[in-house]
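Worksheet for the structure shown next.
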2 protein chains.
Amino acid sequence: MTPVELHPVVKRFIEDGGALSQSLGLGRVVGQIYAFLYFSDVPRALGDLQRALRISKGGASMGVRQLEQWGAARKVWVPGDRKDYYEANDWFGRILKSVLMDTMAKKMADGTAFLDAAEAMLKPGDENAAFIRERIAHMREFQGKAAKLWKNPLLQGFLK
Amino acid sequence: MTPVELHPVVKRFIEDGGALSQSLGLGRVVGQIYAFLYFSDVPRALGDLQRALRISKGGASMGVRQLEQWGAARKVWVPGDRKDYYEANDWFGRILKSVLMDTMAKKMADGTAFLDAAEAMLKPGDENAAFIRERIAHMREFQGKAAKLWKNPLLQGFLK
DNA sequence: CATTGCGTTCAATCCGTATTGAACATAATA
DNA sequence: TATTATGTTCAATACGGATTGAACGCAATG
């Protein structure tokens with residue numbers, strides 16, 4: 001598959017975007033694809049991604065779908081062409097929120113359930129569980145603060 | 001090395017704590033060690049960590065040091081014993097801040113530098129770079145908002 | 001000064017997960 | 001319906017980073 005030449009600056013952004021998303025545990029290609037789309041003034045098809053980033057067909061397909069799920073890329077219709085074209089969503093706040101919801105909030109949610117389950121495991125008469133109860137109560141307290149912060153308009157405004 | 005029996009609830013917290021820190025890209029053992037220390041009412045030595053968590057000597061040593069660097073565990077002196085004992089810091093906000101500073105803030109910082117460098121790469125007369133400039137400006141804007149949010153008392157209070 | 005107990009280091013290994021690519025599914029076109 | 005152009009799936013693989021454990025350094029003790 002014949003490569004594609006990129007503006008040096010865009011190339012750097014793709015490299016660093018890939019490294020960033022890699023370091024955040026999101027995989028390298030999603031960062032690369034997003035960077036490529038973000039710096040493209042026209043929509044791009046899967047084949048463009050393959051050529052520009054030298055990634056496999058499957059990788060392009062899966063990466064772009066992941067970005068779509070996070071609302072970081074959207075499919076656009078190009079008349080007279082039946083390929084799927086994509087462009088970047090530049091609303092960083094929204095994207096960040098999606099990713100956070102997909103990674104953090106989920107954990108938070110079953111964190112609450114987990115604390116309940118843990119406390120239910122403690123037998124009523126369990127003497128030496130007093131310290132454990134204390135610790136769980138302390139976790140609950142922090143969890144409450146975190147939930148409050150998450151709901152705060154300042155933060156939600158940033159992530160809107 | 002002979003194992004150690006743990007309270008079932010603590011065992012669950014260790015399992016889940018390990019899974020959580022693993023999923024956050026911090027490695028499994030640090031989460032496990034922290035959970036073990038957090039639910040221990042007495043300080044613990046490296047050997048205790050090895051036995052309780054069935055991890056290697058090196059793993060215990062490195063994990064506990066990482067926690068120390070984040071301020072999530074501290075060394076305590078036990079008179080008449082020359083082993084190093086550790087206990088958990090339960091100030092979650094502070095710990096979270098340390099971890100964030102160590103993982104995110106760093107990236108943010110050289111993100112700024114990177115944008116400067118990228119813009120410097122654009123030749124003054126480069127016509128078709130207009131779109132790239134636009135995009136970089138848009139990134140700067142968001143970066144500014146993020147920096148502002150980070151400095152906000154509400155967030156800093158939570159992370160104090 | 002030899003020995004013992006403890007903590008640290010780091011090269012080798014292991015393990016999870018990101019990535020590939022061939023096979024398949026689907027839809028448009030001739 | 002056969003063919004061509006596209007997108008998807010998933011088992012196999014490659015890769016990076018987490019984990020191990022033997023070797024080492026150091027300090028206390030006899």
For the rings on A:Phe39 and B:Phe131, is their centre-to-centre separation under 6.0 Å?
-> no
The contact string for nucleotides 5-25 of chain D, one letter per nucleotide 5' to 3', using protein heavy atoms under 4.0 Å with B, S and - for base, sugar-phosphate only and none, comes out as BSBBBB--------SBB----
Within the 6.0 Å centroid threshold, strictly below: A:Tyr38 and A:Phe92 = yes
Look at A:Arg140 together with A:Asp116 and state whether they make a salt bridge at an N to O cut-off of under 4.0 Å.
-> yes
A:Asp102: partners by side chain to side chain contact (heavy atoms under 4.5 Å, CB included), with sequence neighbours left out = A:Trp70, A:Lys106
Near-ring test B:Phe114/A:Phe13, centroid separation under 6.0 angstrom = yes
Between A:Gln32 (CD) and C:dT19 (C1'), how many Å, whole number?
-> 11 Å
